[in-house]
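See structure below.
Below, all heavy atoms of this structure are taken into account, side chains as well, without hydrogens, waters or symmetry copies. These numbers come from a predicted model, not from an experiment.
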2 protein chains.
Amino acid sequence: MDGKSAQTKAKVLDAALGMFRSQGFAKTTMRAIAAEAGVSLGSAYYYYASKDELVLELYRESVVEQSTAASLAMQGNSGLGNRIKLAMHAGIDALTPYHGFGGTFISSALPPQSAVNPFGEASAEVREAAVGLFSEAVDGAKIPAFLRAQLPELLWLAYMGVVLFWVYDSSANQRRTRTLIDGAAPLIAKLVSFSRLPVVKPLVEEALALKDKVQG
Amino acid sequence: MDGKSAQTKAKVLDAALGMFRSQGFAKTTMRAIAAEAGVSLGSAYYYYASKDELVLELYRESVVEQSTAASLAMQGNSGLGNRIKLAMHAGIDALTPYHGFGGTFISSALPPQSAVNPFGEASAEVREAAVGLFSEAVDGAKIPAFLRAQLPELLWLAYMGVVLFWVYDSSANQRRTRTLIDGAAPLIAKLVSFSRLPVVKPLVEEALALKDKVQG
DNA sequence: CACACTTTTTGAACATGTTCAAATGTACCG
DNA sequence: CGGTACATTTGAACATGTTCAAAAAGTGTG
C-alpha cells in the first residue's frame with residue numbers, strides 16, 4: 001500500500017518546498033523541515049537521502065510547470081524565435097520564486113556527483129523532459145536537415161546558460177535575464193535560418209561535428 | 001613586521017593546497033589543514049575566513065601559472081586560433097592537479113555570494129588577469145574593429161565554458177576537453193574572420209549589442 | 001621595567017547535514 | 001492467535017565549517 005508512506009513523503013516534500021520558498025535553501029535546515037512536516041529528522045532522511053534530493057524534486061516540479069505553461073503558450077504562436085522565447089521565459093517564470101537562493105541552489109546543483117546536477121545520471125529524466133520541450137518549440141519550424149536532430153539539445157544548453165545568467169542577475173525582477181532571452185531568441189532563430197547559406201553552413205557543420213566528437 | 005605572520009599564513013596555505021591536491025577538497029578538513037600547518041584551528045581561520053578563501057588562492061595561483069605558461073608559449077606562435085588554443089590549454093594544465101575534486105571546487109566557486117565566484121567582486125583581480133591573457137592572445141591578430149574591444153572578454157567567457165566542461169569531463173586525462181579546445185579555437189578564429197562578411201556581420205553586431213545591453 | 005594596547009593564538013562551543021542501531025509498527029503465514 | 005519478516009520511525013551520535021571570548025605573545029611608551 002502506498003497510501004501512508006507516500007503521504008508522509010509528500011508531507012516532507014511540501015514542508016521542504018514551502019520553507020525553501022520562504023526562507024531560502026541555506027536557512028532551511030533538515031531539522032526544521034522535519035519539524036514542519038511533523039516527523040522526526042531520521043524519517044525525513046528515510047525518504048530523502050539528502051537535502052539535494054529535495055532540490056531535485058524542486059527542479060523536477062519547475063520543469064513540469066515550465067512545460068505545461070510553454071506548451072500552452074506555443075499553441076497560438078509560430079516562428080522559431082517566438083517559440084524559443086516562450087519556452088525560456090516559462091522556465092524562468094517557474095524558477096522565479098527561488099531566485100533569492102539561486103546561489104545556494106546552484107551550489108548544490110552543479111557538482112558532478114550531486115543528485116541534482118542537470119547533466120548527470122539522476123536528473124536524466126528531467127533533462128529529457130526539458131530537451132523535449134525545446135523539440136516542441138522547434139516543431140513546425142523550417143530547420144535545415146543537418147541541424148534538426150541536434151537543435152533541441154543545443155537550445156537546452158543555451159537555456160542552461162540563461163539559467164546561470166539568471167542566478168547571477170541582481171537587477172530588479174531579473175529584468176536583464178528577460179532582456180537576454182528577448183534578444184537571444186530571435187538571434188538564434190536568425191542564425192538557424194542563415195545556417196543554410198554557403199558562408200555560414202560549413203561553420204555550423206564544423207561546430208556540430210565537434211559537439212559529436214566531444215560527446216560521450 | 002610581516003615576517004612571522006606572513007610565514008604562518010603561508011604555512012596554512014601550503015598545507016591547504018597540498019592536501020587539496022592529495023585528498024581533494026571535501027576530504028580536506030579545516031582541522032586537518034590546521035594540524036598539518038602546525039597551528040590551531042582558530043589560527044587557520046584568523047588568516048582565512050573560510051575554506052572558500054583558500055580556494056580563491058588556488059584559483060589565483062592557477063591563473064598566474066596559466067598566464068606565465070601561455071605568455072611564454074605564445075611568443076613563438078601567431079594566428080588567433082593557435083593563440084587561443086595555447087591560452088586555454090595552459091589554463092587546463094594549471095587546473096589538472098585539482099580535477100579529482102573539480103566538482104566540489106565548482107560547488108564552492110559558483111554561488112554568487114561565494115568569495116570564489118569567478119564573476120564576483122572578490123575575484124575581480126584574478127578575472128582581470130585572465131581576461132588580460134586573452135587580450136594578449138588577440139594582440140597582433142587582425143580583428144575587425146567593431147569586435148576588438150569585446151573579444152577578450154568573450155574569449156574568457158568561452159574559456160569559463162570550457163572549464164565547466166572540464167569539470168564534468170570523465171574521460172581519461174580529460175582528453176575530451178583537449179579535443180574541445182582544439183576544435184573550438186580554430187572555429188572561433190574562423191568566426192572572427194568571417195565576421196567581416198556581409199551576412200555574418202549584422203548577426204555578430206546584434207549579439208555584441210545584446211551583450212552590452214544586458215551587462216550592468 | 002611597568003603598563004597599555006594590538007596582534008595572534010587557542011580550543012571550546014555551536015549549528016547543521018548525515019549516519020545508524022535500536023524501537024516500533026505492519027503484513028502476512030501457519 | 002503467535003510469530004516472523006519487512007517497513008517505518010526515532011533520536012542520539014558524529015563530523016565538520018564556523019564563531020567567539022579569553023589567553024598569550026608581541027610592541028611601543030613613559
Side-chain angles (χ1 to χ4, degrees), chain A residues 1-13 15-17 19-20 23-58 101 103-111 113-117 122, chain B residues 1-13 15-17 19-20 23-58 101 103-111 113-117 122:
Chain A
M1 191 63 57
D2 73 335
K4 189 79 177 305
S5 176
Q7 216 170 322
T8 307
K9 189 170 179 178
K11 266 193 303 182
V12 173
L13 181 60
L17 295 195
M19 298 187 79
F20 283 167
Q23 321 281 329
F25 178 76
K27 291 236 197 84
T28 302
T29 71
M30 288 298 284
R31 282 165 184 80
I33 292 172
E36 176 84 9
V39 304
S40 73
L41 179 60
S43 257
Y45 273 98
Y46 181 74
Y47 290 105
Y48 294 97
S50 67
K51 213 178 162 185
D52 280 1
E53 279 198 8
L54 258 355
V55 175
L56 180 56
E57 291 300 320
L58 183 165
F101 66 106
T104 30
F105 173 75
I106 212 165
S107 86
S108 60
L110 273 171
Q113 79 284 2
S114 149
V116 205
N117 141 27
Chain B
M1 190 65 56
D2 75 335
K4 190 80 178 306
S5 175
Q7 216 171 323
T8 307
K9 189 171 179 178
K11 266 194 303 185
V12 172
L13 181 60
L17 296 193
M19 298 186 79
F20 283 166
Q23 323 279 329
F25 178 75
K27 292 237 197 81
T28 302
T29 71
M30 288 298 285
R31 283 166 182 78
I33 292 172
E36 177 82 9
V39 302
S40 73
L41 180 60
S43 256
Y45 273 97
Y46 181 73
Y47 290 106
Y48 294 96
S50 69
K51 215 178 161 186
D52 279 2
E53 280 200 7
L54 259 354
V55 175
L56 180 56
E57 291 299 319
L58 184 164
F101 66 106
T104 30
F105 173 74
I106 214 164
S107 86
S108 59
L110 274 172
Q113 77 286 2
S114 149
V116 205
N117 143 25

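- Here A/Y47 lies in heavy-atom contact (under 4.0 Å) with sugar-phosphate atoms only.
- The shortest distance between the side-chain N/O atoms of B/S5 and the OP1/OP2 oxygens of C/dT7 is not below 4.0 Å.
- For the salt bridge (Lys or Arg N to Asp or Glu O under 4.0 Å) test, no residue two or more places apart in sequence or in another chain qualifies with B/E53.
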Please walk me through it: do B/L54 and B/M30 pass side chain to side chain contact (heavy atoms under 4.5 Å, CB included)? CA-CA 10 Å; B/L54 259 354; B/M30 288 298 285; 4.1 Å; yes
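- Every residue two or more places apart in sequence or in another chain was checked for a salt bridge (Lys or Arg N to Asp or Glu O under 4.0 Å) with A/E36, and none qualifies.
- Among all heavy-atom pairs drawn from A/F20 and A/V55, the shortest one is CE1-CG2, 4.3 Å.
- In this structure, A/Q7 atom CD and D/dT9 atom P are separated by 11 Å, rounded to whole Å.
- Pairing each heavy atom of A/V12 with each of A/A37, the nearest pair is CA-CB, 3.8 Å.
- Regarding contacts with the backbone of C/dT8, every side-chain N or O of B/T8 stays at 4.0 angstrom or more from both OP1 and OP2.
- Closest approach to the B/Y46 side chain among D/dT10, C/dT7, C/dT10 is made by C/dT7 (side chain taken as heavy atoms from C-beta onward).
- Applying the 4.0 Å criterion to OP1 and OP2 of D/dT8, one finds that A/S43 has every side-chain N and O outside that range.
- Here the closest heavy-atom approach between residue B/K9 and residue B/Y47 is recorded as CB-CD2, 3.8 Å.
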Where do N or O atoms of nucleotides 17-23 of chain D meet protein N or O atoms at under 3.5 Å, pair by pair?
from	atom 1	to	atom 2	distance (Å)
D/dG17	OP1	B/K51	NZ	2.9
D/dG17	OP2	B/M30	N	2.8
D/dG17	N7	B/R31	NH1	2.8
D/dG17	O6	B/R31	NH2	2.8
D/dT18	OP2	B/Y45	OH	3.1
D/dT18	OP2	B/K51	N	3.0
D/dT18	O4	B/R31	NH2	3.3

